[in-house]
> 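Please see the structure below; I have some questions.
Keep in mind that the numbers below use all heavy atoms, side chains included, and drop hydrogens, waters and symmetry copies. Order of the sequence lines sets the chain letters (A, B, ...), proteins ahead of strands, with each chain counted from 1.
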Amino acid sequence: MPELPEVETVRRGLAPILVGHRFAAVEQRRKDLRFPLPAHFAKRLEGRGIEALDRRAKYLLARLDDGEVLVMHLGMSGRFKVDHANGAESAPGSFAQKAAEAPKHEHIVFHLDDGSAVRYTDARRFGYMDLIPADSLDTHPLFIGLGVEPLSKDFTPAWLAGKLKGKKTSIKAALFDQRLIAGLGNIYVCEALFRARISPFRSAGTIATKTGKATAKTIALVAGIKAVLEQAIEAGGSSLRDHARTDGTLGRFQHRFKVYGRTGKPCSRKGCGGTVARAVQNGRSSFYCPTCQR
DNA sequence: AAGAACTCCTGTTGGC
DNA sequence: TGCCAACAGGAGTTCT
């Protein structure tokens, strides 16, 4: 489910609940998600204060007051929901409380010291959580190979051209690769390629010159990636099935897709006249306009 | 060693 | 209407 804009939306929703507060109790309902949860997970969190909530790629990083970092990844179907202290859901005798059993896929509940709760639900269980010392984050296997943050100043046409030089794989697969650019997924790769008028099948190396210099295509692609991510964050991300903001409301960016999920619909580019197509690439759907994306 | 295929898991959907 | 293969926003591991 969640790509960079969805994770950033979740981060912004959780930050005011978590930062400056303490975990009073943690309910852990399974021993694993995608991977085993760390030993004594709940115990190690209880009593800890949260000093900051950051994002790196599609990871959320809660920095704790004992020098450890709670690392959280939402996988495909992970979702956080906040119950505010004294909110409707936590009111005594409320309907929610009467339904005593936990929802089927609610795996972890973080109770905060002010009575609020953060509930993690993940039907497919592709998400994961870990506790890692802050000073070993940079050398941890999960993070060591991660590529550039696409919204950072480091992500420029010159940088991208240098990386794509000589790459034989498709530009779609290259943008999907977290070791190159960290945070893009299927939706925003498709949308960015449409904006840059680049075919997802084009060999990645052809976006740059042979010597790794930026071209008009490189410039358009970097601009397209940054623009689509910024607009999606602004809209609270894209809600297809699972993503919702931490207050339960849906993101809105799905209404602004130009190609994703729009197979058979007319291309929205003025004067193009093409029809959006779908093709499977590396096992994932690519949506694109064969007429104006070259 | 790059690149593609397979894998984990459950829920939904679209085509017959 | 009902059934079931295909597919879903990810990414580590295993192949070729």
Side-chain angles (χ1 to χ4, degrees), chain A residues 1-11 29-37 55-60 71-80 103-107 120-130 140-147 150 163-193 200-205 225 228-229 232-233 235-245 250-265 278-287:
Chain A
M1 155 202 127
E3 304 181 34
L4 188 155
E6 289 74 39
V7 178
E8 179 59 23
T9 297
V10 170
R11 190 195 69 76
R29 303 206 173 111
R30 342 176 16 103
K31 63 177 181 3
D32 63 337
L33 295 171
R34 179 175 182 185
F35 305 119
L37 288 158
R55 179 188 58 74
R56 169 76 172 108
K58 300 172 193 172
Y59 295 90
L60 290 170
V71 174
M72 298 170 279
H73 193 293
L74 301 169
M76 290 281 260
S77 57
R79 179 165 167 170
F80 283 106
K104 188 169 176 191
H105 298 297
E106 186 180 276
H107 304 307
Y120 180 71
T121 305
D122 187 356
R124 293 178 71 180
R125 245 181 292 128
F126 285 171
Y128 38 107
M129 295 190 193
D130 205 350
H140 191 278
L142 286 175
F143 296 92
I144 197 163
L146 279 183
K163 291 291 186 183
L164 295 182
K165 177 184 69 172
K167 268 204 185 300
K168 293 280 182 288
T169 191
S170 67
I171 187 63
K172 167 87 188 282
L175 296 184
F176 223 115
D177 186 346
Q178 303 299 299
R179 296 167 302 179
L180 190 64
I181 304 170
L184 298 180
N186 207 28
I187 291 179
Y188 299 107
V189 168
C190 291
E191 292 293 316
L193 286 171
F201 302 106
R202 185 188 261 263
S203 164
I225 289 169
V228 77
L229 293 178
I233 290 170
S238 305
S239 293
L240 296 185
R241 320 178 144 67
D242 299 303
H243 170 69
R245 290 183 270 194
L250 301 180
R252 298 181 307 274
F253 196 71
Q254 65 279 11
H255 303 306
R256 291 166 64 186
F257 290 166
K258 305 283 193 196
V259 286
Y260 188 87
R262 298 179 55 81
T263 313
K265 302 229 166 92
R278 173 185 173 275
V280 175
Q281 244 183 318
N282 300 94
R284 314 300 292 266
S285 290
S286 286
F287 300 93

> Would you mind reading off the distance between A:Met76 atom CE and C:dA11 atom P, rounded to a whole angstrom?
9 Å
> In whole angstrom, what separates A:Asn186's CG from C:dA8's C1'?
10 Å
> Quick one: pull up CE in A:Met76 and CG in A:Asp242 and give me the separation to the nearest 0.5 Å.
9.0 Å
> In whole angstroms, how far is the C1' atom of C:dA11 from the CG atom of A:Leu146?
11 Å
> Starting from P on C:dG10, measure out to NZ on A:Lys58 and report it in whole angstrom.
4 Å
> Return the stacking result for C:dA11 and A:Phe126: yes when the ring centres lie under 5.5 Å apart and the planes under 30°, no otherwise.
no
> Measuring from A:Ile187:CD1 to A:Glu3:CD, what's the distance to the nearest 0.5 Å?
5.0 Å
> Would you compute the distance between atom CG of A:Asp177 and atom NZ of A:Lys172 and round it to the nearest 0.5 angstrom?
13.0 Å
> Find the distance A:Lys172:NZ to B:dA5:P and express it as a whole number of Å.
13 Å
> Quick one: side chain to side chain donor-acceptor pair (under 3.5 Å) partners of A:Gln254, sequence neighbours excluded?
none
> Not counting sequence neighbours, which residues clear side chain to side chain contact (heavy atoms under 4.5 Å, CB included) with A:Arg256? List them please.
A:Gln231, A:Ala235, A:Phe253
> Does A:Asp32 have any side chain to side chain contact (heavy atoms under 4.5 Å, CB included) partners at least two apart in sequence or in another chain, and if so, which?
A:Arg30
> What pairs with A:Arg56 under side chain to side chain donor-acceptor pair (under 3.5 Å), at least two apart in sequence or on another chain?
A:Glu149
> Can you tell me, in whole Å, how much space there is between the P of C:dT14 and that of B:dC9?
15 Å
> Applying salt bridge (charged side-chain N to carboxylate O under 4.0 Å, His left out), name anything that partners A:Arg29, two or more places apart in sequence or on another chain.
A:Glu27, A:Glu106
> Would you kindly give the CZ-to-C1' distance between A:Phe176 and C:dG10, to the nearest whole Å?
7 Å
> State the OG1-NE2 distance between A:Thr121 and A:His107, to the nearest 0.5 angstrom.
7.5 Å
> Would you please indicate if the ring centroids of A:Tyr59 and A:Phe143 are separated by under 6.0 Å?
yes
> Base, sugar-phosphate or nothing for A:Gly283? Non-hydrogen atoms, less than 4.0 Å.
nothing
> List for me each residue that meets side chain to side chain donor-acceptor pair (under 3.5 Å) alongside A:Ser203, sequence neighbours excluded, and say none if there are none.
none
> Produce the list of close N/O pairs, under 3.5 Å, pairing protein atoms with atoms of nucleotides 10-14 of chain B; give distances to one decimal.
{"unit_1": "B:dT10", "atom_1": "OP1", "unit_2": "A:Arg125", "atom_2": "NH2", "d": "3.1"}
{"unit_1": "B:dT10", "atom_1": "O3'", "unit_2": "A:His105", "atom_2": "NE2", "d": "3.2"}
{"unit_1": "B:dG11", "atom_1": "OP1", "unit_2": "A:Lys104", "atom_2": "NZ", "d": "3.2"}
{"unit_1": "B:dG11", "atom_1": "OP1", "unit_2": "A:His105", "atom_2": "NE2", "d": "2.6"}

> Collect all protein-nucleotide pairs involving nucleotides 1-4 of chain B in which both atoms are nitrogen or oxygen and the distance is under 3.5 Å.
{"unit_1": "B:dG3", "atom_1": "OP1", "unit_2": "A:Lys168", "atom_2": "N", "d": "3.0"}
{"unit_1": "B:dG3", "atom_1": "OP1", "unit_2": "A:Thr169", "atom_2": "N", "d": "3.3"}
{"unit_1": "B:dA4", "atom_1": "OP2", "unit_2": "A:Thr169", "atom_2": "OG1", "d": "2.8"}

> Hey, could you give me the CE/CG distance between A:Met129 and A:Asp122, rounded to the nearest 0.5 Å?
8.0 Å
> How long is the line joining CD1 of A:Ile144 and P of C:dA11, in whole Å?
17 Å
> What residues, two or more places apart in sequence or in another chain, satisfy side chain to side chain donor-acceptor pair (under 3.5 Å) together with A:Arg125?
none
> Just how far, in rounded Å, is C1' of C:dA11 from CG of A:Leu175?
16 Å
> What stems show up for DNA chain B when you take Watson-Crick pairs (N1-N3 plus N6-O4 or O6-N4) and G-U wobbles (N1-O2, O6-N3), both under 3.5 Å, and require three or more consecutive pairs?
B:2-8 with C:10-16, B:10-16 with C:2-8
> List the residues meeting salt bridge (charged side-chain N to carboxylate O under 4.0 Å, His left out) with A:Asp130, not counting sequence neighbours, and say none if there are none.
none
> Are any of A:Arg284's side-chain N or O atoms less than 4.0 Å away from OP1 or OP2 of C:dA11?
no
> Each nucleotide N or O in nucleotides 12-16 of chain C that has a protein N or O under 3.5 Å away: list the pair and distance.
{"unit_1": "C:dG12", "atom_1": "O4'", "unit_2": "A:Arg34", "atom_2": "NH2", "d": "3.3"}

